[in-house]
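Okay, structure first, notes after.
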Number of protein chains: 2
Amino acid sequence: MPKRVDHAERRTEIARALVRAAGRQGLHAVGMRDVAAEAGVSLRLVQYYFESKEKLLLFGLRHLADRFGERVAARVRAAGDDPGPRAVIEALLMAALPVDEESRLFHHLYTSYAVLSVTDEALAAQPFIKDPDAAETTLAGLLRQAADTGLLRAGTDIHAEAVGLLAMSAGLGTSVLVGQRDADSAKAVLRYHLDRIFRG
Amino acid sequence: MPKRVDHAERRTEIARALVRAAGRQGLHAVGMRDVAAEAGVSLRLVQYYFESKEKLLLFGLRHLADRFGERVAARVRAAGDDPGPRAVIEALLMAALPVDEESRLFHHLYTSYAVLSVTDEALAAQPFIKDPDAAETTLAGLLRQAADTGLLRAGTDIHAEAVGLLAMSAGLGTSVLVGQRDADSAKAVLRYHLDRIFRG
DNA sequence: ACGAAAATGGTACGGCTGTATCATAAAAAA
DNA sequence: TTTTTTATGATACAGCCGTACCATTTTCGT
């Protein structure tokens, strides 16, 4: 039949253009025409691959979440061959901080989506925003593993620590993003709290 | 000369309409006409009191920050006649959580402004977003006071704890806002971490 | 009273938005 | 080669946006 173009790949390409444009102008200010121009295609093509803007936004969010997942996994892998729980946890939490351009972009857009989800029920229904965070389960699992190996201080509430650390990491990330704090200071705070949990 | 209307009060009134409309539709979706309708005045009047939309947004942010400051102060006052540092700190941190409609609104819009400030330098220059948080100084002061009275565990890094607690409170607030977590669970996590810092 | 300044209303303009329509180029299947 | 489906392009439309302009009412200083 037609020119045989890989739809999935093309959609991803357009989603990447959306992310780039949104990083420059802010998600609220990016229109279909901006995405088309950024991707170097015609407006009609963007409409063809995503019937509506809402579909494009939803796909963009999924794309972003996927890329973030890969990023975290890569960081964890890079933490060493057989890293202890502490190193894995540190890699996990640090990966969420906006230290370089890519993570800044991610944090910026993910927060944009979160804000939109407050008033947009289609976005709010997306699992990345709605579900009890998968990161929480992962982190709690790592902490339990550390506790079972006797690495943690006695009396540590694993669930409360997991939730608290994730919230802290997210909050620190936001303050770094808006320029209230620099990345190194945020890292130092996170490390202090890990030192506090793991017995010296 | 003219009808002698209190400008400051009228501007505040319009800013409150902005906040209400933004809470309903999202800050990104609210226009001058929405603000005018919400305030029950003509579009021209909104333009008259704020020459441009940007000025309106800036004033709205200041208004929001002021209201939040008052809210926190009220909560702290309500904490008791001569409350200990622990009670004051708890009131401080809890006040930031989106537990009722007013605090949800505040958290929602403040986050919206934070996102906008990433790509809007006029917003980024606003002290509420740019400055080293005043809350951090306050909280650190309270913690120091507690430490001097021997209420804290030994080896507590006051600065790291202050920064961490604030970031955690903000992060928890966001996850409550987007429906990832309920307010009670967020409160419980915060209390756990206060218990951890204050010696039992 | 009168004029001037302040406050308010009505409305129009240019530009941008997302979407729909019409047309056509490309390529695989027959 | 013809047909048929997919992919792409150009353009138009209705609606909303922030802003500007023109007019008018209101009220205070003189």
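Numbers restart at 1 for each chain; the letters A, B, ... are given by sequence-line order, proteins then strands. What you see below is based on every heavy atom in this structure, not just the backbone, and it leaves out hydrogens, waters and symmetry mates.
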**OP:** Report which part of the nucleic acid B:Y49 touches: base, sugar-phosphate, or nothing (heavy-atom distance under 4.0 Å, all strands).
**Re:** sugar-phosphate

**OP:** Applying side chain to side chain contact (heavy atoms under 4.5 Å, CB included), name anything that partners B:V88, two or more places apart in sequence or on another chain.
**Re:** B:V76, B:P83, B:L142

**OP:** Represent DNA chain C in dot-bracket notation, 5' to 3'. Only Watson-Crick or G-U wobble pairs with both distances under 3.5 Å count; pseudoknot-style crossings use [ ] and interstrand partners use |.
**Re:** ||.||||||||||||||||||||||||||.

**OP:** At under 4.0 Å between heavy atoms, which parts of nucleotides 10-20 of chain C does protein reach? Answer with one letter per nucleotide, 5' to 3': B base, S sugar-phosphate only, - none.
**Re:** B-B----BBBB

Original post:
Between A:Y48 and D:dA7, does any side-chain N or O lie under 4.0 Å from OP1 or OP2?
Top reply: yes

Original post:
Are the side chain of A:Y192 and the backbone of B:D157 linked by a donor-acceptor contact shorter than 3.5 Å?
Top reply: yes

Original post:
Looking at B:H7, does any N or O in its side chain come under 4.0 Å of the phosphate oxygens OP1/OP2 on C:dA6?
Top reply: no

Subject >> Under-4.0 Å salt bridge between A:R86 and A:D195 >> reply: yes

Original post:
Which of residues 14-26 of chain B have a heavy atom under 4.0 Å from DNA chain D?
Top reply: none

Original post:
By a strict heavy-atom criterion of less than 4.0 Å, which residues belonging to residues 110-118 of chain B are in contact with DNA chain C?
Top reply: none

Subject >> For atom NE2 of B:H28 and atom P of D:dC17, their distance in whole Å >> reply: 12 Å

Subject >> Between C1' of D:dT19 and CG of B:L56, the distance in whole Å >> reply: 14 Å

Subject >> Protein-nucleotide distance (A:R10, atom CZ; D:dT6, atom C1'), rounded to Å >> reply: 12 Å

Original post:
Rounding to a whole Å, what distance do you find between B:F50:CZ and D:dT19:C1'?
Top reply: 16 Å

Original post:
Looking only at atom types and distance, does a side-chain atom of B:H63 sit under 3.5 Å from a main-chain N or O of B:E13, one as donor and one as acceptor?
Top reply: no

Original post:
If you draw a 6.0 Å radius around CZ in B:R16, do more than 12 non-hydrogen atoms from other residues or ligands fall strictly inside?
Top reply: no

**OP:** Would you please test A:E136 and B:R181 for salt bridge (charged side-chain N to carboxylate O under 4.0 Å, His left out) and show each step?
**Re:** CA-CA 11 Å; A:E136 185 179 314; B:R181 183 176 314 285; 2.6 Å; yes

Original post:
So, the side chain of B:Y113 versus the backbone of B:L57: is there a donor-acceptor pair under 3.5 Å, distance only?
Top reply: yes

Original post:
So, the side chain of B:S103 versus the backbone of B:V99: is there a donor-acceptor pair under 3.5 Å, distance only?
Top reply: yes

Subject >> Side-chain (A:S169) to main-chain (A:L93) donor-acceptor, under 3.5 angstrom >> reply: yes

Original post:
Are the aromatic ring centres of A:F50 and A:F59 under 6.0 angstrom apart?
Top reply: yes

Original post:
So is B:R153 actually on top of B:F198's ring, under 6.0 Å and inside 45° of the axis?
Top reply: no

**OP:** Return the orientation label for the A:H7 and A:Y48 ring planes: parallel under 30°, perpendicular over 60°, tilted otherwise.
**Re:** perpendicular

Original post:
Among pairs that include at least one residue of residues 30-53 of chain B, which meet salt bridge (charged side-chain N to carboxylate O under 4.0 Å, His left out), considering only residues two or more places apart or in two chains?
Top reply: B:R20-B:E38, B:R24-B:E38, B:E51-B:K55

